[in-house]
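Below is one structure, written out as structure tokens, with a few remarks after it.
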Amino acid sequence: MIAIIASIPIILTVILTVFCNMPAKKVFPIAWFVCSILAYFVWGMDIKHIFAFSIAGILGSTDVILIIFGAILLMTMLKKIGAMTCIENMFNGITSDARLQLIIIGFAFSSFLEGAAGFGTPAAIAAPFLVALGFDPFLAAVICLLFNSVPVSFGAAGTPTNVAFETVKNVLLLCQVDVSYWKDLLSVLTLIGLNIGSFFVVFAAVCIFLKKRKIPVLKNALPILPFCLCSCTIYFIISFLIAFYIGPELVSIGAASGCMFSCIYMVKRGWLVPANPIENMKQQAVNEISSVQMSLFKSWLPYITIALWLVITRLPSIGVKQYVSNFTISVSGILGVPEATFLFKWLNNPGLFPFVFVVILFIFLFKIEKRQVSEIFLVSLKQVSGAVFALLSGFSLLYIYRYSGYNSSGLDSMLLSMAKGLADFSGKHYLYISPIIGSIGTFMFGSNTVSNLMFTPLQFEMGTLLHMPQIIFVVLQNQSGAIGNIVCINNIIAVCATTGFFGKEGEIIKTNFIPWFCYMIILVGSMCVLMNIFHLPYC
């Protein structure tokens, strides 16, 4: 019963967003109020704790808001100085087929961004990139969310997978397990399921694009199928080799880079390219074009700078990552509650560094006029303002969910109560419910890393109780947390903000729900097959 009560704010959020088509900026304040009432009357949280964690949530939304603002600011600057037009012409020069552009930019390029930075960066950059090429904003948002699933477990230089491992490492050591082997097995099994699903996701994205454009689906999707299969196979092979021989840190970065350049090479050679291209719709709005004639290298230089910064500051082997993480702003004891804290790693936030930093740097390098600089910042601030209120109230809701364990009733937090309720309800069939818990974590917090941090111990313990290899459930947690990005409402708000497509979060969730559900079935099915093929360790 307590699990059902805990789920009421989430159910309410889904109903209002999906079925009533209410925008997130109206839904989240309502959900926060309902959650606060439940926290007070059922969980026994006092008013001070409720408001303290709500304020901590508001402060915690800073990370996401800055990423959105930085991504919008970068794209606005590139459009204003004419660099975006140059980049568009380059991609159109490679191929005018929108299906191929989806795979190269939406899948490969955004996977690289996920591998380097993570935390919402791919959709924030890749989606407006597709819009600039002429894609419908709704389609760009839907497709980039779909693609922001395959690389996520190895995003931000392998952070989610490393976090999942670290949460159970001490237990493994007590059981005298070879932790190095266990971690390698976790990485390999995770990417097998995700990459099997990638074949489905890439093809599904093409089909959704064709359907929304009212183009015959089968007739125009089947010719691109060989290219989809080949690109996903290249991604699969590279990611497997890196995971097996190096580790999780370079999986998404290396596989995405190899896939992107291979795809471009295949297109230039005409390999597996459909005979009849489907060109994209031209943008209706006419952007101001700068008189500056930019070379292709200058146009790409901001992106090259961003990529270099992300790789240098995210890979542990380079030695800069720890140094960058030391620059923090912290707030502790909000409203006198010791547990209500805020820690902001400002030098590690992709929105500030490198996005805003790169924009300021190239304003001087490109000698952009003061009038244009003002326009760039004003347009960007106006666009991001639509998402700010939704994120502020949304994060307040999430923090109450997460920290409602600080109560007088002795109950677990609302989020953990809900997860345990699902586990108890499923019993011996927990294997089929396990991915739902991982996706709920990401749906709520917009992060596979946070989902793994919260629920990996629960998943591991369920494996022990069921006398099954615990790694099965840790892998499913890691995978399902990744695909939860497909329907994660915080990511949806972010991508709507960067594409200028506001108030239609419910429509995006409805469109992406079936692919998410199918992906979850693929993960469970692939794990069942792997269980029968390999002898997995029981701790």
Side-chain angles (χ1 to χ4, degrees), residues 1-15 18 149 152-153 160-161 163-164 167-168 171 186 189-190 192-194 196-197 200 401-402 411-445 447-489 509 512-532 536 538-539:
M1 177 59 72
I2 200 71
I4 295 174
I5 295 173
S7 66
I8 289 175
I10 293 181
I11 294 170
L12 180 64
T13 299
V14 172
I15 290 173
V18 177
S149 55
V152 171
S153 291
T161 298
V163 165
T167 58
V168 297
V171 179
L186 170 63
L189 292 177
T190 296
I192 287 176
L194 287 174
I196 290 173
F200 161 75
Y401 251 97
R402 184 177 182 180
L411 292 172
D412 290 319
S413 69
M414 299 174 76
L415 201 60
L416 195 56
S417 296
M418 193 166 52
K420 286 184 175 179
L422 275 172
D424 293 339
F425 172 77
S426 59
K428 63 180 180 180
H429 302 295
Y430 180 72
L431 178 68
Y432 309 107
I433 300 296
S434 172
I436 296 178
I437 292 176
S439 281
I440 284 176
T442 304
F443 174 83
M444 292 295 295
F445 289 99
S447 169
N448 190 14
T449 299
V450 176
S451 181
N452 285 352
L453 187 65
M454 296 194 67
F455 292 135
T456 299
L458 172 67
Q459 303 274 22
F460 189 95
E461 181 62 22
M462 284 303 298
T464 304
L465 293 174
L466 295 171
H467 302 288
M468 296 176 66
Q470 296 93 336
I471 195 166
I472 294 169
F473 301 102
V474 177
V475 168
L476 286 173
Q477 163 64 37
N478 199 20
Q479 294 171 332
S480 59
I483 70 170
N485 279 278
I486 295 174
V487 290
C488 168
I489 197 155
I509 292 176
N512 282 357
F513 178 80
I514 292 177
W516 166 80
F517 186 74
C518 292
Y519 207 153
M520 190 171 67
I521 293 173
I522 290 170
L523 294 179
V524 174
S526 62
M527 181 52 68
C528 290
V529 172
L530 291 170
M531 285 168 54
N532 292 320
L536 301 177
Y538 176 78
C539 307

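- Put simply, the side chain of Val450 reaches to within 4.5 Å of the side chain of Arg402, judged on heavy atoms.
- Between Phe473 and Tyr430, the ring-plane angle classifies as tilted under the 30° and 60° cut-offs.
- Atom CG of Leu530 and atom CD1 of Ile472 lie 9.5 Å apart (nearest 0.5 Å).
- You'll find the side chain of Ile521 stays beyond 4.5 Å of the side chain of Phe200, heavy atoms only.
- How far NE2 of His429 is from CG of Leu466: 10.5 Å, rounded to the nearest 0.5 Å.
- Put simply, the side chain of Met454 does not reach to within 4.5 Å of the side chain of Leu416, judged on heavy atoms.
- When side chains are defined from C-beta on, Val171 does not count as touching Thr464, because their heavy atoms never get closer than 4.5 Å.
- Here the CD atom belonging to Gln477 is positioned 8.0 Å from the CD1 atom belonging to Ile437, to the nearest 0.5 angstrom.
- Counting heavy atoms from C-beta on, the side chains of Leu453 and Ser447 never come closer than 4.5 Å.
- Under the 4.5 Å side-chain criterion, counting only non-hydrogen atoms from C-beta, Met468 is not in contact with Tyr538.
- Nearest heavy-atom pair, Gly438 versus Ser480, reported as atom, atom and distance to 0.1 Å: CA-OG, 3.3 Å.
- Within the 4.5 Å cutoff, the side chain of Phe513 has no heavy atoms near those of the Val18 side chain.
- Between the OG atom in Ser417 and the CG atom in Leu422 there is a gap of 11.5 Å [rounded to 0.5 Å].
- When all heavy atoms of Asn448 and Pro160 are compared, the closest pair comes out as ND2-CB, 3.5 Å.
- Remark: Thr190 pairs with Ser153, Phe154, Leu186, Leu194, Val475, Asn478, Gln479 by the side chain to side chain contact (heavy atoms under 4.5 Å, CB included) rule, at least two apart or across chains.
- For the pair Thr167 and Ala164, the tightest heavy-atom approach, listed with the atom from each and the gap, is OG1-O, 2.7 Å.
- For the pair Cys528 and Asn532, the tightest heavy-atom approach, listed with the atom from each and the gap, is O-ND2, 3.1 Å.
- Of all heavy-atom pairs between Pro457 and Asn452, the closest is CD-O, 4.2 Å.
- In this structure, Trp516 has its ring center no closer than 6.0 Å to that of Tyr519.
- The stretch residues 455-484 participates, sequence neighbours left out, in no salt bridge (Lys or Arg N to Asp or Glu O under 4.0 Å) pair at all.
- Ser434 meets the side-chain hydrogen bond (donor to acceptor under 3.5 Å, both in side chains) test with Gln459; sequence neighbours excluded.
- The CG atom of Leu476 sits 6.0 Å away from atom CG of Leu431, with the distance rounded to the nearest 0.5 Å.
- Using a 4.5 Å heavy-atom cutoff, the side chains of Pro435 and Val524 are in contact.
- Note that OG1 of Thr442 and CZ of Phe455 are 9.0 Å apart. Values are rounded to the nearest 0.5 Å.
- For Ile514, the CD1 atom counts as loosely surrounded, since its 6.0 Å shell holds 12 or fewer non-hydrogen atoms of other residues, nucleotides or ligands.
- Shortest non-hydrogen contact noted between Gly421 and Ala3 is CA-CB, 3.7 Å.
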